[in-house]
Q: 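Sharing a structure here in structure tokens format.
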Amino acid sequence: SSSSSSSSFFSSSSSSSKSRVPRVALFTSRGCKHCRRAKTLLSEKHIAYRELALDLLVNENEKEKERNTTSRSSRSSRSKGVRESLQEYTGRRTVPQVFIGGECIGGADELVVLEEKGDLEKLVVKAEEKQSKALPDEVEAFLPKKQELQDLEKLQELKKEGEGKRDWVRHEELLSYEERVKRRLARDYVGLTLTPELVDEVICKELAVNKQDAARIREELLANRILLVSSSSSSTGSSSSVAVESSSVSYTFPTKYPSDEVFNGQMLWPFGAPRPASQVAESLRLKILNLYESYLSPDGNAVDYENLGKSEEFKDYVRSTAELREVDLNPLSREEKIAFFVNIYNALVVHATAAVGAPTNIVKRLQFFSRIKYCIGGQLYSCDDIEHGILRNNAVSPGSIFALVGLSCLASRTFPAGDPREAFVVEPVDPRIHFALVCGAKSCPPIRLYSASNLEEGLAGAAEAFCESEVQLSDDKQTVTLSKIFKWYGKDFASKKVDLLRRIAGYQQGEELKQLLDSNPKGLKIKYAEYNWDVNSK
């Protein structure tokens with residue numbers, strides 16, 4: 001695979017001729033299997049290339065522009081965004097986008113065709129002879145300038161340094177103290193109220209320390225929210241780190257959930273108040289995307305979940321999910337809710353697959369998506385809760401027993417009346433969320449990072465990418481083969497067959513399906529392809 005770094009905006013491939021100026025450039029995004037396939041092909045051919053991490057450029061550069069721009073109307077045309085400008089130039093939303101000698105040749109499939117015909121190396125040699133740049137001047141013009149890139153990379157390093165200052169080593173040591181203290185309490189102090197004096201006594205005995213050190217450790221447990229001031233003895237229920245010496249104060253331990261079901265249920269966030277919900281979700285999604293990219297196979301078709309789950313980066317991600325437990329979802333707009341929950345759903349699937357493995361049959365699949373959960377803002381959300389309850393406006397799951405036997409009308413909605421999670425359902429439903437949700441199977445859409453500001457662009461790109469690979473027109477132009485996603489969730493898209501096809505045609509770049517519908521709207525037949533439930537795992 002290529003030596004590109006997920007933390008770098010621009011990177012170059014390793015090559016047998018490192019001094020050679022790359023005549024090939026690729027716009028990519030993290031976790032994209034087609035991008036990985038294109039990079040692997042070029043690396044195997046020892047063709048130097050310049051990689052431009054489009055999702056990094058867009059996310060960081062656009063945020064900086066928004067912070068530094070007082071009025072949207074005052075932006076120059078160059079400030080419309082890298083992805084938008086690239087789409088206008090090439091007519092494509094999907095990645096990778098491959099340029100050779102200043103010409104866009106298409107994506108990974110087109111690159112493979114060139115290689116199979118023996119034309120790829122010829123084009124590169126021709127560009128080398130002409131000293132052609134990889135990108136045309138028009139494209140270079142809307143890329144961030146060198147100083148902008150340096151500033152953005154410094155910003156990323158500052159973020160990493162900020163995270164590095166969190167003393168997770170000491171926190172984990174304190175968590176081990178918690179387990180020892182709880183075992184001693186269960187053995188020798190059953191039924192007693194957890195006063196400061198009792199906690200100190202137990203710490204003294206269990207850890208073999210003096211009273212002064214025990215009091216200090218108790219304060220650390222409070223500061224790290226491993227020990228909490230009981231709500232019955234504090235009007236605020238605060239988990240203050242201030243030492244409390246009065247025996248009128250009592251303590252409690254945070255609620256812990258089964259680790260194989262609630263994947264962020266083992267601890268509270270120890271580093272102050274949580275950030276805004278959208279920031280937390282984007283941060284977690286970035287961590288997962290970087291992990292996914294690191295353990296994606298050279299051909300882009302599989303993820304090494306076993307080693308991903310053993311990595312230090314994954315351990316860091318798991319710890320970071322604790323921040324979700326207390327985020328406030330109330331301020332989120334509709335667009336922010338969609339972006340938040342799509343990002344969290346996708347992260348949860350990767351997290352659970354790495355932690356407990358992927359489901360191996362239909363029954364286990366149904367259980368998997370209903371069982372794996374995060375605690376978010378004090379409530380538990382499974383993948384089914386997020387998809388059907390939140391993003392599909394509290395709809396019936398097609399995996400419910402009644403739905404499976406064709407009696408969806410008898411099935412209950414995802415959230416019962418009065419469920420507090422109902423407050424966050426998305427209305428109206430945007431059916432394109434089905435292209436953005438990743439379930440870990442090989443037929444699912446490529447993963448992306450979403451925000452409220454890029455949601456429309458991101459969903460449009462996901463819809464185009466999905467339909468490009470999952471919608472096929474027969475040679476006789478009489479039958480359209482669709483992914484079963486359109487069968488399972490057809491009503492989210494349209495109530496009639498012809499309207500479903502028109503909506504799909506609107507997602508595609510080409511005009512062929514639209515023209516066929518205009519000339520013979522009722523003449524096209526629909527066929528559904530078998531869904532590939534094989535997990536994308538090595």
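Values below: all heavy atoms of this structure, side chains included; hydrogens, waters and symmetry mates excluded. Throughout, numbering of the chain's residues begins at 1 and tracks the sequence.
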Q: Can you give each donor-acceptor pair under 3.5 Å made by side-chain atoms of residues 373-381, sequence neighbours left out, with the distance rounded to 0.1 Å?
A:
residue: Lys373; atom: NZ; partner: Arg371; partner atom: O; Å: 3.1
residue: Tyr374; atom: OH; partner: Tyr317; partner atom: OH; Å: 2.7
residue: Tyr374; atom: OH; partner: His351; partner atom: ND1; Å: 2.7

Q: Taking NZ in Lys182 as the centre, count heavy atoms belonging to other residues, nucleotides or ligands within less than 6.0 Å. Is the count above 12?
A: yes
Q: Assess the pair Trp488 and Tyr528: is the distance between their ring centroids shorter than 6.0 Å?
A: no
Q: Measure the NE2-CG distance between His388 and Asp492 for me, rounded to the nearest 0.5 Å.
A: 9.5 Å
Q: Kindly compute the distance separating CG (Leu221) from CD1 (Ile226), expressed to the nearest 0.5 Å.
A: 5.5 Å
Q: Examine the side chains of Asn290 and Arg30 and answer whether a donor and an acceptor come within less than 3.5 Å of each other.
A: yes
Q: For Asp299, is there an ion pair with Arg36 - N to carboxylate O distance below 4.0 angstrom?
A: no
Q: In terms of side-chain geometry, is the basic nitrogen of Arg319 or Glu172 positioned less than 4.0 Å from the acidic oxygen of its partner?
A: yes
Q: Could you list the donor-acceptor pairs under 3.5 angstrom formed by side chains in residues 495-508, with sequence neighbours left out?
A:
residue: Lys497; atom: NZ; partner: Leu524; partner atom: O; Å: 2.6
residue: Arg502; atom: NH1; partner: Asp518; partner atom: OD1; Å: 3.3
residue: Arg503; atom: NE; partner: Phe493; partner atom: O; Å: 3.0

Q: Carefully, step by step, assess Lys310 and Asp304 under the rule salt bridge (charged side-chain N to carboxylate O under 4.0 Å, His left out).
A: CA-CA 10 Å; Lys310 296 176 181 177; Asp304 185 357; over 6 Å; no
Q: Nearest 0.5 Å, what's the NE2-CG distance between His34 and Leu26?
A: 14.0 Å
Q: Decide, yes or no, whether a salt bridge links Lys256 with Glu179 under the criterion of side-chain N to carboxylate O below 4.0 Å.
A: yes
Q: Salt bridge check, Arg275 against Glu323: does any charged N sit closer than 4.0 Å to a carboxylate O?
A: yes
Q: Are a donor atom and an acceptor atom from the side chains of Gln509 and Glu464 found within less than 3.5 Å of each other?
A: yes
Q: What pair of heavy atoms forms the shortest contact from Phe314 to Leu308, and how long is it?
A: CB-O, 3.1 Å
Q: Are Arg93 and Glu457 ion-paired here, with the side-chain N under 4.0 Å from a carboxylate O?
A: no
Q: What heavy-atom pair brings Thr353 and Phe368 nearest, and what distance separates the two atoms?
A: OG1-CZ, 3.9 Å
Q: Determine, for Lys39 against Glu293, whether the closest basic-nitrogen to carboxylate-oxygen distance falls under 4.0 angstrom.
A: yes
Q: What distance do Phe424 atom CZ and Ile390 atom CD1 have between them, rounded to the nearest 0.5 Å?
A: 7.5 Å
Q: Are Asp384 and Ser382 close enough that a side-chain donor and a side-chain acceptor fall under 3.5 Å?
A: no
Q: Let me confirm one number: the CG-CD distance from Leu513 to Glu511, rounded to the nearest 0.5 Å.
A: 10.0 Å
Q: For Ser278 and Glu336, does a side-chain donor sit closer than 3.5 Å to a side-chain acceptor?
A: no
